[in-house]
Amino acid sequence: RLTDSDCQQPAQCRIQKCTTDFVSLTSHLNSAIDGFDSEFCKALRAYAGCTQRTSKACRGNLVYHSAVLGISDLMSQRNCSKDGPTSSTNPEVTHDPCNYHSHTGAREHRGGDQNPPNYLFCGLFGDPHLRTFKDHFQTCKVEGAWPLIDNNYLSVQVTNVPVVPGSSATATNKITIIFKAHRECTDQKVYQAVTDDLPAAFVDGSSSGGDGEAKSLLIVERESGRYVEMHARYIGTTVFVRQLGRYLTLAIRMPEDLAMSFEESQDLQLCVNGCPLSERIDDGQGQVSAILGHSLPHTSLVQAWPGYTLETANTQCHEKMPVKDIYFQSCVFDLLTTGDANFTAAAHSALEDVEALHPRKERWHIFPSSGNGTPRGGSNLSVSLGLMCLILIVFL
């Protein structure tokens, strides 16, 4: 039975719940995808509505007022109108079996894991240089066909060929990606790219998988014959494939729980375990001897490419990559080893892909001397900064 004192209990300020819902609605959004602005504005309007509903209880609460100001700033930056559709903050209502973020949100709503899904990043570019799911950086030989990923949802295989006769340096000239059949969301789809043939379609000729307007699997061509993106909503996964010069690069972001879903027999995955020791040509920290300046790896090759000395390679790479991290050093190594200027663009775009897909900004750059990531010097999207400030304000 309610007592008078129960009725007089002050309403609870629920600004933290408003912010949690907003983070849940936006954590999966990718600014590179068409429709980002619309979805982001919907989430902002839902956030604003939530703060309005709790305004009386939050009167005098600095966190609440900071959040209101932050919402206003973000709405101005994204040109969001105050009136319009809003995202539903009830995961049960918006549950979509072919949207990974929808069913993880529903799990949280039912009292499960309160943390958003943890994402992993893997990338392969250049000579080739591998960044694993654990943010380990390696330079490898791995000539021939090798599995990057092989789990219950996705398989990615790359084929590497020698770049220069007599050198251990190889580069990727073929990528095969298999999106495995998943319930009602999509049939199995196979994508294959080879040098000078980077299609905007799967091998069956389709460019999407799944029924309905909101495709659960979609290929988006960003630059004809040079750059495509694959967005698999049903497994929360994004893949970038590029051709730079004669060779291909790949970058992928995938939820950890799906990436680690595989059998013991599938243990040979470069993104998971890195390259076998017998295939490594670095010093154990991803750094090769040419970069350290001790001795160049293949002295005869240096004579074969008189256009690049250590100094000129440093200069060319520094123009594209002012931060002298492992991507810069990989660029230098590739120029000295192959003499192919396209590897500069490959290293630069690989770093751009990290910045677009890697979930943790403080790990974008890797410096071999410590092996640790460090914050990137430079600007990022104002949206990300605004989000970060809002989240810090509420949760600190």
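Just so it is clear, the values below take in all heavy atoms, side chains as well, and ignore hydrogens, waters and symmetry mates.
- For the residue pair Thr309/Thr312, the side-chain donor-acceptor check at 3.5 Å is satisfied.
- For the atom pair OG1 of Thr344 and NZ of Lys320, the computed distance is 8.5 Å after rounding to the nearest 0.5 Å.
- The two atoms that bring Met260 and Val272 nearest to each other are CE-CG2, 4.0 Å, heavy atoms only.
- Looking at Lys141, its side chain does come within 3.5 Å of a backbone N or O of Ser278 through a donor-acceptor pair.
- Atom-to-atom distance recorded for Lys324:NZ and His318:NE2 is 5.5 Å, nearest 0.5 angstrom.
- For the pairing with Thr159, the side-chain contact (heavy atoms from CB on, under 4.5 Å) check across Val194, Val142, Asn173 returns one residue only, Asn173.
- Transitive grouping of hydrophobic side chains (ILVMFWY, heavy atoms separated by less than 4.5 Å) brings Ile252 and Tyr153 into a common cluster.
- Judged by distance alone, the side chain of Thr20 and the main-chain N or O of Gln16 form a donor-acceptor pair under 3.5 Å.
- Within the 3.5 Å criterion, the main-chain N or O of Asp334 finds no donor-acceptor partner in the side chain of Thr337.
- Distance check, rounded to the nearest 0.5 Å: CG of Leu270 to CG of Leu148 gives 5.5 Å.
- More than 12 heavy atoms of other residues, nucleotides or ligands lie within 6.0 Å of CG in Asn61, so this atom counts as buried by the packing criterion.
- Distance alone, capped at 3.5 Å, places no donor-acceptor pair between the Thr237 side chain and the Ala232 backbone.
- Nearest heavy-atom pair, Pro199 versus Ala193, reported as atom, atom and distance to 0.1 Å: CD-CA, 4.3 Å.
- Shown here for Ala43 and Leu25, the closest heavy-atom pair between the two residues is CB-CB, 4.0 Å.
- Using cut-offs of 30° and 60° for the angle between ring planes, the His358 and Phe121 rings count as tilted.
- In the hydrophobic clustering of ILVMFWY residues, with side-chain heavy atoms under 4.5 Å counting as a link, Ile178 and Tyr234 come out apart.
- Leu351 places none of its side-chain heavy atoms less than 4.5 Å from the side chain of Val323.
- Panel note: side chain Ser55, backbone Gln52; a donor-acceptor pair is recorded below 3.5 Å.
- Ion pairing between a basic and an acidic side chain is recognised when a charged N comes within 4.0 Å of a carboxylate O; Arg253 and Asp353 show no such pairing.
- Contact of the Val203 side chain with the Tyr191 side chain is not registered, since no non-hydrogen atoms from C-beta on lie closer than 4.5 Å.
- Among residue pairs with one or both ends in residues 134-193, those qualifying as disulfide bond (SG atoms under 2.5 Å apart) are Cys98-Cys185, Cys140-Cys275; sequence neighbours excluded.
- In this structure, Trp146 and Leu268 have side chains that are in contact, with non-hydrogen atoms separated by less than 4.5 Å.
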#### Entry: Evaluation steps, side chain to side chain contact (heavy atoms under 4.5 Å, CB included), between Thr19 and Val63
CA-CA 11 Å; Thr19 302; Val63 170; over 6 Å; no

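- Using a distance-only test at 3.5 Å, with no hydrogens or angles considered, a donor-acceptor pair links the side chain of Thr315 to the main chain of Glu311.
- Put simply, the side chain of Asp340 does not reach to within 4.5 Å of the side chain of Val163, judged on heavy atoms.
- Applying the ring pair (Phe, Tyr, Trp, His ring centres under 6.0 Å) test to Phe125 and every residue at least two apart in sequence or in another chain returns His129, Tyr327.
- Residue Leu44 holds its CG atom at 5.5 Å from CG of Leu74, rounded to the nearest 0.5 Å.
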#### Entry: Worked verdict on Ile219 versus Glu221 for side chain to side chain contact (heavy atoms under 4.5 Å, CB included)
CA-CA 7 Å; Ile219 294 181; Glu221 186 174 59; 5.7 Å; no

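- Residue pairs meeting the salt bridge (Lys or Arg N to Asp or Glu O under 4.0 Å) criterion with at least one member in residues 62-73: none, sequence neighbours excluded.
- Smallest separation of non-hydrogen atoms from Ala200 and Ser207: O-CB, 3.7 Å.
- Glu229 and His231 are linked by a side-chain donor-acceptor pair at a separation below 3.5 angstrom, with hydrogens and angles left out of the test.
- Residues Thr51 and Ile15 meet the side-chain proximity criterion, which asks for heavy atoms closer than 4.5 Å.
- Asn273 CG to Gln269 CD: the interatomic distance, rounded to the nearest 0.5 Å, is 7.0 Å.
- Put simply, the side chain of Arg131 does not reach to within 4.5 Å of the side chain of Ile326, judged on heavy atoms.
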### Query
Does the side chain to side chain contact (heavy atoms under 4.5 Å, CB included) test come out yes or no for Leu217 and Phe202, once each step is laid out?
CA-CA 11 Å; Leu217 176 60; Phe202 298 105; 3.6 Å; yes

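- The backbone N or O of Val68 lies less than 3.5 Å from no partner atom in the side chain of Ser72, so there is not a single donor-acceptor pair.
- The neighbour count for Asp197 CG, taken as heavy atoms of other residues, nucleotides or ligands under 6.0 Å away, is above 12.
- Remark: the backbone N or O of Pro85 is paired with a side-chain donor or acceptor of Arg45 at under 3.5 angstrom.
- Taking each heavy atom of Ile235 and Tyr100 in turn, the nearest pair found is C-CB, 3.8 Å.
- Here Arg360 pairs with Glu362 in a salt bridge; the nearest charged N to carboxylate O distance falls below 4.0 Å.
- Ion pairing between Asp196 and Arg246 holds under the 4.0 Å rule for side-chain N and carboxylate O.
- Cation-pi geometry between Arg222 and Tyr227 is not satisfied (NZ or CZ under 6.0 Å from the ring centre, within 45° of the ring normal).
- Between the side chain of Lys180 and the backbone N or O of Asn151 there is at least one donor-acceptor pair closer than 3.5 Å.
- Under a 3.5 Å cut-off, the side chain of Gln138 and the backbone N or O of Leu130 do not form any donor-acceptor pair.
- Between Gly236 and Tyr119, the closest heavy-atom pair is O-CE2, 3.6 Å.
- Here the side chains of Cys331 and Phe343 are not in contact, with every heavy-atom distance at 4.5 Å or above.
- You'll find the side chain of Ile175 stays beyond 4.5 Å of the side chain of Leu124, heavy atoms only.
- The distance from atom OG1 of Thr170 to atom OH of Tyr247, rounded to the nearest 0.5 Å, is 9.5 Å.
- Clustering ILVMFWY residues whenever any of their side-chain heavy atoms sit less than 4.5 angstrom apart, transitively, puts Leu244 in a cluster other than the one holding Val228.
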